[in-house]
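Let me begin by presenting the structure, written as structure tokens, before commenting on it.
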Amino acid sequence: MPDTIELNSISHHFDTLSERIELFHGLSYTIRADETLAIIGPSGAGKSSLLSIAAGLEIPADGDVRFTIDGVAVDALTMRANSGFIFQQFHLMPELDAIGNLALPLRLKGNRHAFDIAATWLDKVGLKDRARHRPHQLSGGEQQRIAVARAFVTGPRFIFADEPTGNLDVHTSESVAALMFDCARETRCGLVIVTHSHAMAKRADTVLLLDSGQLKAAA
Amino acid sequence: MSRLQLMLENSWRDLRSGDGRISMATQTALLFFLLTLTLTGASIQRYLSDNLDQMLGSDLVVETHSPLTERDEATFRSIATGLSVTQLTDITLTHKDEWARVQLKLVDDAYPMQGDLQIGDTPVATQRAVGRGPKIGDIWIDSRLAIKLRTNVGDILTIGGADLRLGAILFHEPDRIMEGHSVAMRAMVHAESLAATSISSSKGRLRYLATADERQQQAIATWARQALPGASVIRKFGGQHPLASFWQRTENFLGLASVILFFMGAVALDMTNRRWLAKMRYRLAIYASFGTRSRTAMLMALGEWLAGFLLSIAFASALAILAYALIVAELQAYFPGLRAAWHVAPALKTIGLFFLLLLALQVPSFVQLSRASLLSLIRNPGEGRHVWQRLFWNIAAVTLLAAAYSDNWLLTGMTLTAIAAALALMAALTWAVIRLGDAWGRRRAGLLPFAFFMMRQRLFAKSAQVMGLGLCGLLLLFSLMLMRDLGTMMESHGRSHDGNLMIAEAQSDQIDAIRHWAAATGSSIRALRPFVSAQLVSVNGKALADMDKPSDTLATLKDPIRLSWTDAMPENNRLVGGTWWSAGTDKWRQISAEPEVMTDMGLAYGDTLSYQIGGARHDFMLVASHAYRPGAGSITFWFQVPLSARPQIDAPTRYMGSMELSEPAWKALAALWQQHPTLSLVPLQELTERFDRTLGIVTKVTAGYAAMVLLLALFVLAASVSGFSADDRQKNGLLMSMGLRERDCLRLNLCDWSVTALIAAVGAIAGTWSAGLLIYRDQFDLTYSPDMLWVATIILAMVGAVCFVGYLACRQNLKVSVRDLMAT
């Protein structure tokens, strides 16, 4: 039985000093670990909030979210322990070199072979010769490749990516997107991407459009 | 293992950054100071304790200021196995034209009870041990005194008409511990040698040296507590060294100094913490993105901080051990035989206290860290404003330190009040100046309006920077000013007396002799005030001996003090509180005390003060408080009672005052002293020399303290520049990307730093001013009159230093290209 995230009639909003801004209302959807999902929509539609709720980072204002791993219902903390993230700003640790960044999640999980595994992944993303380079010595595309590898290196059940190619040119975006989807399919990990890029969205098994508070299957 | 290694690696990397280095240096400097203080203190305490075992000269000593009644002495003898009575008094000993103040000890045949005396025939002779004191008609004097009086064994010395033969040079008494840290010159005679001579003085003491086993010692202590109010009992078993409370007070005073140092350190640490927190929030958010639980991440953050702390312990301990060895070597002049040794328990206690203090400073950071969220990497929310939370924990930490060390709550309270007032003023000034500046510049072009606009955007960060620098300036300025003014006061003190000879104590019958002598030598008596020797034994029925918290006032009150009487308020006094009695009142059981005495002793109007005067007990009700007012003579008293109280008190009247001696009169002094050896006259020159000696010690201590204050001020400045350099780098990058030239950026930064430094300097000056007003008069009897030129120079120096360091930092920032600036 695949791992799932069930969103049941969730609603969300946020308050400013003068008004309440409604993001979405009564959304339901089940995300499965054996599929890739892209969420597209205009700026301000609430895509990032939906991603945060799905990842268990935020609690929706209304409705509920259920997480299931190996057929067992788990809480948000357990889900997060089995998830990975990819960000628009890459967010590599500036003080660590490429291999240090890649080995970091493994070391945090107490893996003694962290650097060996990291070296394999570095080779896989084509940056073997950049192992000792710090983030500021790498291009944006190279940094994001390392960030992608870092998200997958621990074998999570789900990966959440927020505008992962938003800071990259078209050509680099293509290669990073290819890398992400290849990794997801190879490791059978659920991939949830929030993006403005239709080209990237097309790579996903399912594409959803979030607009005017409604979630619809995109054409 | 992997996590532990990662934690240590992170910690090491953090320590190598600019902020990490400043933080480590600040922690190390503070811990070094506290550890050195602790180790030195522990060594002295150990020395005092060992000393007590070996240097008491008996099993137990009872010290009183008036002789025991025959009945009491008989009781004492019945409880103890053996008893020896010694009497100590200060006299002036003369030989030809030479004279010196001497502590004279009169001993009986039983002295010493334990141990031997060491004597010789010349000051440099081989010492020999003897089991008894001088025989009747002999006097023994110490080697310094022999040299000062230019006398040799066999010479005749006269005391109050009695001729005594110098029998030996005295090197050591087995009851030397009772002299404490006194360096007075000493002489010893058999009590019967001076049986016909009056040598009593208000500061005379009697010591009863007893041999007694542990049970007898306990019995004597219990008996003395009830039967002999005002007496102190020193025992080998479970007793306390006479110097112990003195040293504890010294430690407490140094503790207050460390409160100020710690406050400065806290400012530096708070500034570096700002960057540390941002870095750790980022790190923890990334850890969370790998699925690391927040508990694990927090434990790692705590571990990283602890690793830094452990390293600072290592550095601070090494430095402290070195400093400790040097200080012990220096202190051996005051505590002969003092040795440096390992004092693990007190050192661990200090490290533990320091750990708690740092933890208190770190609590707001950890609270914010616990709220670090992965969401911050997605949405980049504001950091939140935690200025008040940080301020609260900083104050909590400093209060904890003050509670642990300070014994003078009034002084500590005043210092903290002045600091709080200065902080409030600086916060208000920062807000007002920057908001007004921004409003003023809104419709104006130029760099200054733009600088105000930028500062307005970073108002919270700017306030923290201003308050940090201002507080540091305040503490630096106040410490330097106080040291300078105390030095000046001590120097001028001796010269502020009327006349050139001070009458420290004269008995009634000696006054006539002084008058005759003055008339004969062409000298004049400038002032004379009468007093009786009185010992405060209890307050509202609670014995002074039961009051545990040591203070200078309590220590002084354990010995007899001078109680004066007057109906009218003396010209050099002013009424501070309460009601002064009316002239000729028949309600004679009223008393007025100085405000500092009241504060230190916790006295309130209406309290009953019981004094032992001339063998009788007298109760007085505290009704008024008087303080010294300069300009009408320097002689003042802690306690004063109505004139009508004098006939009720059966005790000899003594006088203190001042004289102006003509030049030829000085040579005639020896003759006056030979007839009246207990007459205590202190020449101005000698007084000045004493002050200079004290000033020398004070200067040494304060120079070391000033060095610590300056070092920490440097850390605060470095932390201020380093803590905000990332913001400045980003700001400069943005401005240069908009086409501003490097020179403009430099000018803009200079405007920014000038405003910051000026507000900080104004806050520091205002804080120093309020601290001066609060503390000078109350604690040091000084009138606060700041030297405006000095203050202006200090302001300029502060502003100049801050702007210069800011300018250097900005130049460094601008060396980086726009692309790199934008990348930060």
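Numbered from 1 within each chain, the chains take letters A, B, ... in sequence-line order.
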_Partner chain B: residue of A:A151, A:P105, A:A81, A:P94 with the largest heavy-atom pair count (under 4.5 Å)_ = A:P105
*Residues A:E95, B:R16: salt bridge by 4.0 Å N-O rule*: no
*Hey, what do you get for CZ (B:R283) to NE2 (A:H91), rounding to the nearest 0.5 Å?*
15.0 Å
*Give, for atom CD1 of B:I286 and atom CZ of A:F87, the distance between the pair rounded to the nearest 0.5 Å.*
7.0 Å
*Carefully, step by step, assess B:S289 and A:F160 under the rule side chain to side chain contact (heavy atoms under 4.5 Å, CB included).*
CA-CA 9 Å; B:S289 79; A:F160 300 93; over 6 Å; no
*asked:* For the interface with chain B, which of A:K109, A:Q88, A:M79 has the highest count of heavy-atom pairs at distances below 4.5 Å?
replied: A:K109
*Which region of B:M7, side chain (C-beta onward) or backbone (N, CA, C, O), has a non-hydrogen atom less than 4.5 Å from a non-hydrogen atom of chain A, or is it both or neither?*
neither
*Report yes if some heavy atom in the side chain of B:R293 is under 4.5 Å from a heavy atom in the side chain of A:T78; otherwise report no.*
yes
_With heavy-atom distances below 4.5 Å as the criterion, would you say the side chains of A:L96 and B:R13 are in contact?_
yes
*Is the number of heavy atoms from other residues, nucleotides or ligands under 6.0 Å of A:R188 CZ greater than 12?*
no
*Count the heavy atoms of every other residue, nucleotide or ligand shown that sit under 6.0 Å from NE2 of A:H25, and state whether that count exceeds 12.*
no
*Give a yes or no on whether the backbone of A:L108 and the side-chain of B:R3 come within a donor-acceptor separation of less than 3.5 Å.*
yes
*Apply side chain to side chain contact (heavy atoms under 4.5 Å, CB included) to A:R107 and B:Q5, showing your working.*
CA-CA 9 Å; A:R107 297 180 77 191; B:Q5 199 183 345; 3.9 Å; yes
*Can you tell which of A:A55, A:G110, A:S83 has the highest number of heavy-atom pairs within less than 4.5 Å of chain B?*
A:S83
*asked:* Taking atom NE2 as the centre, does A:H196 end up with more than 12 heavy-atom neighbours from other residues, nucleotides or ligands that are less than 6.0 angstrom away?
replied: yes
_Side chain to side chain, A:L104 and B:L6, heavy atoms closer than 4.5 Å_ = yes
*asked:* Is it the case that over 12 heavy atoms from other parts of the model lie below 6.0 angstrom from the CG atom of B:L310?
replied: yes
*If we only count heavy atoms from C-beta on, is the B:F290 to A:P156 side-chain gap below 4.5 Å?*
no
_Checking B:R295 against A:L77 for the side chain to side chain contact (heavy atoms under 4.5 Å, CB included) test, could you report, in this order, the C-alpha distance in whole Å, the side-chain angles of both residues, the deciding distance, and whether it holds?_
CA-CA 11 Å; B:R295 190 167 156 270; A:L77 276 179; over 6 Å; no
